[in-house]
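Naming: A, B, ... by sequence-line order, numbering from 1 per chain. Model, not experiment: these values are computed from the prediction. For the numbers below, each heavy atom of this structure counts, side chains included, while hydrogens, waters and symmetry mates do not.
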Amino acid sequence: MKWTEFFIPTSKESPADAVVPSHKLMIRAGLVRQVCAGAYSYLPLGYRALRKVEAIVREEMNKAGAIELNMPAMHPIELWEQTGRVEAMGDVLVRLGGGTGDDWRSRTVLGPTHEEIITEHAKAYINSYKQLPINLYQIQTKFRGEARPKSGVLRTREFLMKDAYSFHVAKEGPGGLDEGYEKMYNAYRTIFGRCGLPFVPVEADSGPIGGDASHEFMVPTDAGEDYLVESQDKTYAANLERAEVAPLEGSASTGTAELTEVPTPGLATIDDVSEFLNCKPRQMIKTIIFKADEEPLVALVRGDHEVNESKLRRAAGVSSLEQATPDLIEKLTGANVGFAGPVGLECRIIADQAVTLMQDAITGANKTDHHITGVNIGRDFEIKESADIRTAVEGDKAPNGSPLTFKKCIEIGHVFKLGTKYSAALDATCLDSKGKPKPFIMGCYGIGLNRIMAAAIEAFHDDKGITWPMVIAPFQVVICALDTREEEVNTLSQKIHDELEALGIDVLLDDRDARPGFKFKDAELVGFPLRITVGKKGLADGTIDLQIRRSGESEKLPPEAVVPRVKDLVEEAINSERTDL
RNA sequence: CGGGGCGUGGCGCAGUCUGGCAGCGCACCUGGUUUGGGACCAGGAAGUCGCAGGUUCGAAUCCUGUCGCCCCGACCA
């Protein structure tokens, strides 16, 4: 391919709107163009990279025994009503509008994911356990009504996703969900590893969609929105939403201070009260009231800690959990919001592990505009249930005692053990070996392809531009033909181009009539892993320049040595850049 | 949804406070010179100043409404 016959709109300046590196570089290198909030066109160069990611994903999914199909973006809302997800997804579910009443548009949604559709298909066609296990996948455009798209292609309303769904008749044993999950987990490692990404698999929170196990694949980068929590000894990694912490050191004991009620007029926050009473937030007990499965539930954490709702939900063994309304809080405590405390509260209370070590604490008095000091466990109130229900913070340790570190990261893949949530809701069953109908036991497995591409750029760029991994670079090699008016330069450039192309190497010939510096800057911005420079200056002493983008190393070679050397470097990079081996 | 910012040629911006010819840099077109690290000279094309209404002799500029985009937060199967 010749540059002058291709379409690469590079730009020296990045748009003011772009904040994260991948966004800036994707626009400057002419990979994408924004059409509206959360929707991007992939320009030819960007599309090439995306297609390469797609090819790797497809290849590894096929290798893992998954079978590709394609499902529509348009779904009948009825299926979503049956699984209760119209309400659960809320505004995230994109609905066609413009119709009136019950016309087809208002009964149609654009799929954010395909559990409902695939389960319907399984219900229709899979009648016997003998047809199981099976894993069906697609690579398809998804729509989600994200409230706030951001960071370029990292969070969009329309994106390309590989979604796979596995069906099983049992959890354990050959052909069971556990085995299918393991296969996908390993396929994901291979996929991200082949892409050269510095990925970390972590325990994830399976969230309100249910299911009993889940892992996310994270790539550390400041542009991310999630937090990766890792133990220093690298034996533990989890999403911040999920990360468990070891109990703090120390033993419980009762303090000596008298229980004293103090007026705290209008001071309803931890910060206000601690400042007013001249104490530290960590001396206070934060009392948060929830509505859990329609019952009130009180969570106690230290003033400098945050309640982690997913951990609390698991610890409490409830399925729904939401913050209580002011009405409920006032009814329960008899005080305005901000003055709740555990002393004298008649209700299920779960205390965080760290709270059990506190003494002479300060809490709300369950009386508007009052707090109490000198609160002690055992003497002033009982803790019947305690658990790890707070979000990990700097200084915490992993369950094995190794200190935790925190990194921002983006999620590029997610695997779930779904169980029977969808098959049960849609009454999708097959007959087991005893002839009894059983709901399918399911797993689902997603990869955001656009995010792989963006994550690669986040992970691999420098101040000059992108430094693509070899396997997803839109072109593996660029030939900068300097002095394009020299016949020898042109014929030799073209010859090298043709020979590389014949070897199956993706090569772009920069045949523009431009000055050398201009071409080099563009080549570095776009980030071709290898650059061949053919110019009359080099040819004068019979050499051609070959430069490696990432390392900046360059070598001078006689013309006939260039093609074999490039071939070697391409192969070497494909292997050495892998991160899963 | 709450808070903040911004809409002026393809891109980056000035001009808005204090109403009076719509400007600059990059990119683009023509001609010439130039060619191993984003060249130079000369000429040129390109803008309903987001949109609608209002005030005014006159609006990018003032007023009202509205739409869009970005950032922080909330939310995120």
Starting the side chain at C-beta, find the nucleotide from [options] nearest to [X].
{"X": "A:F520", "options": "B:G12, B:C72, B:G36", "value": "B:G36"}
{"X": "A:L482", "options": "B:G37, B:C69, B:G36", "value": "B:G36"}
{"X": "A:V19", "options": "B:C69, B:C71, B:U35", "value": "B:C71"}
{"X": "A:R33", "options": "B:G37, B:G10, B:G73", "value": "B:G10"}
{"X": "A:Q34", "options": "B:G38, B:A74, B:C70", "value": "B:C70"}
{"X": "A:A16", "options": "B:G38, B:C11, B:G12", "value": "B:G12"}
{"X": "A:P15", "options": "B:G36, B:C11, B:C69", "value": "B:C11"}

Looking at A:S423 and A:T119, what are the two nearest heavy atoms and their distance?
->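 So the minimum-distance heavy-atom pair works out to CA-CG2, 3.8 Å.
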
Distance-minimising heavy-atom pair for A:P201 and A:Y185 =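 Result for this residue pair: CB-OH, 3.2 Å.
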
Could you work out the separation of [N] and [M] based on their [atom1] atoms and round it to a whole Å?
{"N": "B:G12", "M": "B:C28", "atom1": "C1'", "answer": "16 Å"}
{"N": "B:G5", "M": "B:C62", "atom1": "P", "answer": "15 Å"}
{"N": "B:C51", "M": "B:U34", "atom1": "P", "answer": "47 Å"}
{"N": "B:U64", "M": "B:C70", "atom1": "C1'", "answer": "25 Å"}
{"N": "B:C21", "M": "B:G36", "atom1": "C1'", "answer": "47 Å"}

Complementary nucleotide for B:G68 - Watson-Crick or wobble, under 3.5 Å =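 B:G68 is paired with B:C6.
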
According to the Watson-Crick and G-U wobble definitions, with both distances under 3.5 Å, which nucleotide is paired to B:G20?
->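 With both distances under 3.5 Å, B:G20 matches B:C57.
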
Which is true for [X] with a 4.0 Å heavy-atom rule: it touches a base, it touches only sugar-phosphate, or it touches nothing?
{"X": "A:S554", "value": "nothing"}
{"X": "A:C480", "value": "nothing"}
{"X": "A:A88", "value": "nothing"}
{"X": "A:T533", "value": "base"}
{"X": "A:G446", "value": "nothing"}
{"X": "A:R531", "value": "base"}
{"X": "A:E225", "value": "nothing"}

Which residue, A:E411 or A:D17, contacts RNA chain B at a nucleotide closer to its 5' end, judged by nearest heavy atom?
->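 In this pair, the answer is A:D17.
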
So which one's nearest nucleotide on RNA chain B is more toward 5', A:R144 or A:L525?
->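 On the 5' side of the pair lies A:L525.
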
Hey, what's the ring geometry for A:Y181 with A:Y445, parallel, tilted or perpendicular (30° and 60° as the breaks)?
->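 Taking A:Y445 first and then A:Y181, their aromatic rings sit tilted (interplane angle of 30° to 60°).
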
Charged N-O contact under 4.0 Å between [X] and [Y]:
{"X": "A:R107", "Y": "A:E78", "answer": "yes"}
{"X": "A:R512", "Y": "A:D522", "answer": "yes"}
{"X": "A:D462", "Y": "A:R550", "answer": "no"}
{"X": "A:R242", "Y": "A:E216", "answer": "no"}
{"X": "A:K286", "Y": "A:E306", "answer": "yes"}

Tabulated below should be each protein N or O lying under 3.5 Å from an N or O of nucleotides 25-31 of chain B; please produce it.
| unit_1 | atom_1 | unit_2 | atom_2 | d |
| --- | --- | --- | --- | --- |
| B:G25 | N2 | A:E13 | OE1 | 3.1 |

Rounded to whole angstrom units, what separation is found between the [atom1] atom of [X] and the [atom2] atom of [N]?
{"X": "A:D510", "N": "B:G38", "atom1": "CG", "atom2": "P", "result": "15 Å"}
{"X": "A:R157", "N": "B:C75", "atom1": "CZ", "atom2": "C1'", "result": "13 Å"}
{"X": "A:D513", "N": "B:U34", "atom1": "CG", "atom2": "P", "result": "13 Å"}
{"X": "A:D545", "N": "B:G37", "atom1": "CG", "atom2": "P", "result": "12 Å"}
{"X": "A:R148", "N": "B:A74", "atom1": "CZ", "atom2": "P", "result": "10 Å"}
{"X": "A:D541", "N": "B:G36", "atom1": "CG", "atom2": "P", "result": "15 Å"}
{"X": "A:K519", "N": "B:G36", "atom1": "NZ", "atom2": "C1'", "result": "12 Å"}
{"X": "A:D483", "N": "B:A39", "atom1": "CG", "atom2": "C1'", "result": "15 Å"}

Does a side-chain N or O from [X] land closer than 4.0 Å to OP1 or OP2 of [N], or not?
{"X": "A:R485", "N": "B:U35", "result": "no"}
{"X": "A:R515", "N": "B:G38", "result": "no"}
{"X": "A:K150", "N": "B:C72", "result": "yes"}

With ring pair (Phe, Tyr, Trp, His ring centres under 6.0 Å) as the test, would you mind laying out the steps for A:Y227 and A:F406 before giving the verdict?
-> CA-CA 6 Å; A:Y227 276 91; A:F406 296 73; 7.1 Å; no

A:R48 NZ/CZ over A:F475 ring centroid, <6.0 Å and within 45° of normal =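 Yes - A:R48 lies over the ring of A:F475, closer than 6.0 Å to its centre and within 45° of its axis.
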
